[in-house]
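Since we're looking at a predicted model, the values are computed, not measured.
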2 protein chains.
Amino acid sequence: MPDWVDGKVYFYADSGPRRLMDLFSVKWSSMVLHALWHWPEGRARPGELQRSLQGISKKMLLQTLKELEIRGLIHRQVFQVIPPKVEYSLTPLGKTLAGPIEQLYQWGLEHRQALDEMSENRRKHTEASASGDLR
Amino acid sequence: MPDWVDGKVYFYADSGPRRLMDLFSVKWSSMVLHALWHWPEGRARPGELQRSLQGISKKMLLQTLKELEIRGLIHRQVFQVIPPKVEYSLTPLGKTLAGPIEQLYQWGLEHRQALDEMSENRRKHTEASASGDLR
DNA sequence: CTGCATCCATAACGATACTG
DNA sequence: CAGTATCGTTATGGATGCAG
């Protein structure tokens with residue numbers, strides 16, 4: 001579906017896809033969306049999310065949630081209780097995005113072995129270029 | 001498809017999806033794959049690609065291509081001529097990944113307007129927090 | 001034309017401490 | 001428990017120059 005000019009793809013100036021990938025550059029955004037999508041009842045608290053997304057820091061989780069909220073992909077519901085309680089859930093728009101993300105993750109699951117080999121190749125390669133020519 | 005433990009998703013330790021997203025953290029990798037996927041004949045030269053991926057620098061294009069080659073997602077064919085000629089194309093594995101990427105980009109196209117509003121909201125928000133309380 | 005190496009700015013990230 | 005702020009490290013990306 002790109003625009004073709006002179007037989008070349010002039011596709012990604014400030015197009016939808018490009019902006020979408022900008023969003024993905026926030027490392028954890030797709031995982032948060034994906035986790036919320038799979039969450040029972042579709043609502044999750046920050047603490048729960050952090051425990052699920054192994055390795056994410058509190059800072060990054062909150063930052064990602066804020067980012068997604070501003071962009072209208074997730075909804076933030078505050079309960080006026082002590083201690084504080086907040087629940088996040090996908091907006092209708094967020095839910096439409098969850099589909100493609102699911103597809104992508106599905107690919108990741110199906111090609112787990114290939115992905116392992118990729119990491120392996122990459123490791124070998126960087127090692128080689130690192131040690132190779134010192135003397 | 002996550003693994004559920006204690007009702008929480010312990011999904012993304014060093015799973016396929018996580019590794020996949022690592023690959024995507026190379027900003028241009030999905031666009032390069034996508035461009036090659038749409039390219040006539042499925043083979044493209046670096047120069048052509050750079051002209052198509054508006055805004056990519058030579059350095060990043062080459063780096064991305066190398067990365068994708070090492071990972072076995074694209075193939076590099078060298079022609080022994082002067083001046084040098086090289087063509088890149090998707091490997092079979094790369095082609096299977098192109099599908100999900102296409103889906104994602106499709107979403108980006110369909111929700112272009114929403115994505116515009118997202119950027120807008122983000123702009124407003126960061127402006128507000130930047131200027132808001134200085135006086 | 002393809003590819004590599006430097007230098008440099010800045011953006012992303014994590015650890016930690018602190019507030020309500 | 002939710003959220004913010006600060007600091008320091010590392011990764012990312014762009015500009016430029018050079019080589020085959």
Counting the atoms with a prime plus P, OP1 and OP2 as sugar-phosphate, which does B:Phe79 contact under 4.0 Å by heavy atoms, base, sugar-phosphate, or nothing?
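Here B:Phe79 touches no strand at all.
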
Looking for any heavy atom pair under 4.0 Å, which part of the strands does B:Pro46 touch: base, sugar-phosphate only, or nothing?
sugar-phosphate

Could you go step by step and tell me if A:Tyr105 and A:His34 meet the ring-ring contact (aromatic ring centres under 6.0 Å, His included) rule?
CA-CA 9 Å; A:Tyr105 279 36; A:His34 184 262; 4.4 Å; yes

Degree of bending in the helix from C:dC1-D:dG20 to C:dG20-D:dC1 once both end axes are built from five pairs, to 10°
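Rounded value for the end-axis angle: 30°.
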
Flag if over 12 foreign heavy atoms under 6.0 Å of CD, B:Gln113:
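Open: at most 12 neighbouring heavy atoms sit under 6.0 Å from CD of B:Gln113.
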
Whole-Å distance between [N] [atom2] and [X] [atom1]?
| X | N | atom1 | atom2 | value |
| --- | --- | --- | --- | --- |
| A:Leu65 | D:dT4 | CG | C1' | 14 Å |
| A:Ile82 | D:dG3 | CD1 | P | 15 Å |
| B:Arg43 | C:dT2 | CZ | P | 15 Å |
| B:Asp22 | D:dA11 | CG | C1' | 12 Å |
| B:Ile56 | D:dT12 | CD1 | P | 15 Å |
| A:Leu61 | D:dC1 | CG | P | 14 Å |
| B:Arg76 | C:dC1 | CZ | P | 16 Å |
| B:Phe24 | D:dT12 | CZ | P | 15 Å |

Heavy atoms, side chains only, cut-off 4.5 Å: are B:Trp107 and A:Leu97 in contact?
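Yes, close enough: below the 4.5 Å cut-off.
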
Quick one, B:Leu68 and B:Val26 - any side-chain contact, counting heavy atoms below 4.5 Å?
no

Any pair with a residue in residues 103-119 of chain A that passes salt bridge (Lys or Arg N to Asp or Glu O under 4.0 Å), sequence neighbours left out, goes on the list, sorted by first then second residue, please.
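For residues 103-119 of chain A: A:Arg112-B:Asp14, A:Asp116-B:Arg19.
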
Hey, is the side chain of A:Arg45 poking within less than 4.0 Å of OP1 or OP2 on D:dA2, counting only N and O atoms?
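Checking D:dA2 against A:Arg45, a side-chain N or O does come within under 4.0 Å of OP1 or OP2.
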
What nitrogen or oxygen pairs link the protein and nucleotides 4-12 of chain C at under 3.5 Å?
none

Shortest non-hydrogen contact between B:Phe24 and A:Met21, atoms and distance:
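Looking at all heavy atoms of both residues, the closest pair is CD2-CE, 3.4 Å.
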
Who else is in A:Phe79's hydrophobic cluster (ILVMFWY, side-chain heavy atoms under 4.5 Å, direct or via others)?
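Grouped by the 4.5 Å side-chain rule, A:Val81 form the rest of the cluster around A:Phe79.
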
Can you sort out the partners of B:Glu67 under side-chain hydrogen bond (donor to acceptor under 3.5 Å, both in side chains), two or more places apart, ordered by chain and number?
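Scan of B:Glu67 (side-chain hydrogen bond (donor to acceptor under 3.5 Å, both in side chains), adjacent residues dropped) gives A:Arg122, B:Arg71.
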
Applying salt bridge (Lys or Arg N to Asp or Glu O under 4.0 Å), name anything that partners A:Arg76, two or more places apart in sequence or on another chain.
none

